Amino acid sequence: MGRSNNSFIKKLKADKKAKKRKEKLVNRLEKKEQPSSGKLEDMIAYVDEFGNISDTPPEPPVEEKDKKNKKRTEE
């Protein structure tokens with residue numbers, strides 16, 4: 001008679017677990033090798049009025065009061 005099927009299944013599970021552990025180790029090492037500055041400026045993203053994401057901050061909106069004050073000072 002052959003061996004029990006349970007030992008074969010246990011071996012498959014152990015092999016699968018070891019393979020997954022090895023892949024995680026490789027991924028972790030690859031991630032460590034990638035350069036990362038960790039600066040806050042690199043992590044900030046800005047969203048414009050249309051919902052587009054960009055790295056540069058949007059221009060501040062010009063208020064109506066500022067336009068009126070500029071006209072008065074020019075006169």
Side-chain angles (χ1 to χ4, degrees):
M1 289 212 58
R3 289 193 307 177
S4 169
N5 199 18
N6 288 338
S7 61
F8 178 72
I9 292 173
K10 285 181 184 179
K11 185 177 179 184
L12 286 178
K13 283 184 181 180
D15 290 342
K16 202 182 277 189
K17 189 174 183 180
K19 183 180 177 184
K20 189 173 184 179
R21 193 178 320 134
K22 186 176 180 181
E23 287 176 359
K24 282 187 177 184
L25 177 66
V26 169
N27 289 340
R28 193 176 336 133
L29 293 175
E30 286 177 1
K31 193 172 183 180
K32 278 186 179 181
E33 290 175 0
Q34 293 177 353
S36 62
S37 64
K39 293 181 182 178
L40 182 64
E41 292 83 22
D42 295 336
M43 292 188 267
I44 292 179
Y46 300 96
V47 179
D48 66 359
E49 60 192 36
F50 304 109
N52 300 324
I53 299 173
S54 67
D55 294 336
T56 58
E59 295 181 12
V62 179
E63 296 182 15
E64 295 296 323
K65 293 178 185 177
D66 293 339
K67 289 181 182 177
K68 289 179 184 177
N69 289 336
K70 287 182 182 178
K71 286 182 183 177
R72 288 182 189 166
T73 56
E74 291 175 0
E75 292 175 354

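These numbers come from the heavy atoms of this one structure, side chains and all, not from hydrogens, waters or symmetry mates. Everything quoted here is computed from the prediction, not taken from an experiment.
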* Would you indicate whether Asp55, at its atom CG, is surrounded by more than 12 heavy atoms from other residues, nucleotides or ligands within a distance under 6.0 Å? =>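 No, because the 6.0 Å sphere around CG of Asp55 holds 12 heavy atoms or fewer from other groups.
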
* Asked: How many angstroms lie between CD1 in Ile53 and OH in Tyr46, if you round to the nearest 0.5 Å?
  ->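 Answer rounded to 0.5 Å: 13.5 Å.
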
* Residue pair Val47 / Gly51: nearest heavy atoms and the distance that separates them ->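 Scanning both residues completely, I find the closest heavy atoms to be CG1-CA, 3.7 Å.
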
* For Lys39, which residues count as a side-chain contact (heavy atoms from CB on, under 4.5 Å) partner, sequence neighbours excluded? ->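 Lys39: side-chain contact (heavy atoms from CB on, under 4.5 Å) contacts with Ser37, Glu41, Asp42.
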
With a 3.5 Å cut-off and sequence neighbours excluded, list the donor-acceptor pairs that the side chains of residues 14-21 form with protein atoms.
none

* Other than Leu29, what residues sit in its cluster of Ile, Leu, Val, Met, Phe, Trp and Tyr side chains whose heavy atoms are under 4.5 Å apart, directly or through others? ->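 When side chains under 4.5 Å apart are linked, the cluster holding Leu29 also contains Leu25.
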
